Asker: 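Got a structure for you, written out below as structure tokens; questions coming shortly.
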2 protein chains.
Amino acid sequence: MFQIDFAAREPIYEQLYNDVIKLAASGVIKPGDKLPPVRVVAADLGINPNTAAKAYRELENEGYIYSSVGRGSFLTDKLSENSAQKRLITDAFRNAVMEANAFGAEKEELLRILEEVYR
Amino acid sequence: MFQIDFAAREPIYEQLYNDVIKLAASGVIKPGDKLPPVRVVAADLGINPNTAAKAYRELENEGYIYSSVGRGSFLTDKLSENSAQKRLITDAFRNAVMEANAFGAEKEELLRILEEVYR
DNA sequence: TCGTTGTATTAGTCTATTTAATACGTTTCT
DNA sequence: AGAAACGTATTAAATAGACTAATACAACGA
């Protein structure tokens, strides 16, 4: 269900965290859906259950899932298809702007490109 | 001359590496220009000379600078203001805009984010 | 010659991440 | 009631990357 890259700089628990958000964005999982148990995630990916649990813990801290002992972890409404998509899009766009800014791109040039695309 | 963020996930040597590319992209430094000695960079930023040297070493491996003992390190033509680097950035930005557009993002929202970053 | 500079080496410290090995309490199912 | 499933917690250890420390050497230029 989840995909991780062991060679990536991004920690595994953070990749899992983002995987949940992405799956929600693409509609593969929806509010109310049950996520696989941490032990299953760990077994599937060949990682430690603690690592999977850490991802779930942070997702719950952000209100994206709710967990209860003995029952499992479930998506909240906060991760509906639309809101998750929006989050992904704006984050990606913001990163692109910051990157361009860091490399000395002029605001006017970016505005020009933006207008060009939206025409 | 260089700016680093000690709290960032990105290693210092890599930040320095990117700083050089960014300064070249924005025209602050040009091909042939001498870079500050590793010891000066280290002293200015309060880091170890080895860390600064590592950044220079990788820049030289990529052909962005050339170094010679006793003389210093200098920008090559590969890091000119109007070459690949800048186009890469604007292309990345254009892709982000098109992506956001494809997902139905409002132009006004993107403009808001852009202004927010450039403030 | 002397100061500057890039380069190299070896060792050590530090931090975040991940694993390991259990254990506990709650819920669900039979 | 009992067993399995599940989230949660704890403590310890291992691992890897980044960074520092302390030197040393050789080339270059004034």
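Computed from a predicted structure; not experimentally measured. Labels below follow one simple rule: chain letters A, B, ... track the order of the sequence lines, proteins then strands, and each chain is numbered from 1.
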Asker: Taking the nucleotide of DNA chain D with the nearest heavy atom to each, does B:Gln15 or A:Ser67 sit closer to the 5' end?
Answerer: A:Ser67

Asker: Would you please name every residue forming a side chain to side chain contact (heavy atoms under 4.5 Å, CB included) with A:Lys34, sequence neighbours left out?
Answerer: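 Result, side chain to side chain contact (heavy atoms under 4.5 Å, CB included) vs A:Lys34: A:Pro37, A:Phe74.
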
Asker: Between B:Tyr17 and B:Glu62, is any pair of side-chain heavy atoms under 4.5 Å apart?
Answerer: yes

Asker: Judged by atom type as modelled, is there a donor-acceptor pair below 3.5 Å linking the side chain of B:Ser67 to the main-chain atoms of B:Gly72?
Answerer: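 No, because the side chain of B:Ser67 does not come within donor-acceptor range (under 3.5 Å) of the backbone of B:Gly72.
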
Asker: May I ask you to say what A:Glu10 touches in the nucleic acid, namely base, sugar-phosphate or nothing, with a heavy-atom cut-off under 4.0 Å?
Answerer: nothing

Asker: Under 4.0 Å from a heavy atom of chain A: give me the 5'-most and 3'-most nucleotides of DNA chain D that qualify.
Answerer: D:dA5 to D:dA18

Asker: Report the distance from atom CD of B:Glu58 to atom P of C:dA8, rounded to the nearest whole Å.
Answerer: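 Roughly 13 Å, once rounded to whole Å.
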
Asker: Starting at atom CG of B:Asn50, determine the distance to atom P of C:dC14, rounded to an integer number of angstrom.
Answerer: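 That distance rounds to 17 Å.
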
Asker: Measure from CZ on A:Phe74 to C1' on C:dT27 and round the result to the nearest Å.
Answerer: 10 Å

Asker: Which nucleotide in the set C:dT27, C:dT17, C:dT5 lies at the smallest distance from any side-chain heavy atom of A:Tyr13?
Answerer: C:dT17

Asker: Do the side chain of B:Ser26 and the main chain of B:Lys22 share a donor and acceptor less than 3.5 angstrom apart?
Answerer: yes

Asker: Taking any heavy-atom pair under 4.0 Å as a contact, classify B:Arg57: base, sugar-phosphate, or nothing.
Answerer: nothing

Asker: What is the distance, rounded to the nearest whole Å, between atom OH of A:Tyr17 and atom C1' of C:dT17?
Answerer: 18 Å

Asker: Any chance you could lay out the side-chain contact (heavy atoms from CB on, under 4.5 Å) test for A:Met1 and A:Asp44, step after step, and finish with the verdict?
Answerer: CA-CA 9 Å; A:Met1 177 156 197; A:Asp44 282 357; 5.9 Å; no

Asker: If you measure from the Lys or Arg side-chain nitrogens to the Asp or Glu carboxylate oxygens, is any gap between B:Lys107 and A:Glu115 under 4.0 Å?
Answerer: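 A salt bridge is present here (some side-chain N lies under 4.0 Å from a carboxylate O).
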
Asker: Expressed in angstrom and rounded to an integer, what is the separation of A:Arg9 atom CZ from C:dT18 atom C1'?
Answerer: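 Rounding to the nearest Å, CZ of A:Arg9 and C1' of C:dT18 are 18 Å apart.
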
Asker: Hey, which of these two, A:Arg39 or A:Gly70, hits DNA chain C nearer its 5' end, going by closest nucleotide?
Answerer: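 Mapping each residue to its closest nucleotide by heavy atoms, the 5'-most match is A:Arg39.
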
Asker: Determine: side-chain N/O of B:Ser73 to OP1/OP2 of C:dG6, distance under 4.0 Å, yes or no.
Answerer: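 Yes, such a contact exists.
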
Asker: According to a strict under-4.0 Å criterion, is B:Arg71 in side-chain N/O contact with OP1 or OP2 of C:dT5?
Answerer: no

Asker: When the distance from NZ of A:Lys34 to P of C:dT27 is rounded to whole Å, what number comes out?
Answerer: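 A:Lys34 atom NZ is separated from C:dT27 atom P by 15 Å.
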
Asker: Salt bridge or not for A:Lys30 and A:Asp33, using N-O below 4.0 Å?
Answerer: no

Asker: Need to verify one output field. Residue with the more 5' nearest nucleotide on DNA chain C, A:Ser68 or A:Asn48?
Answerer: A:Asn48

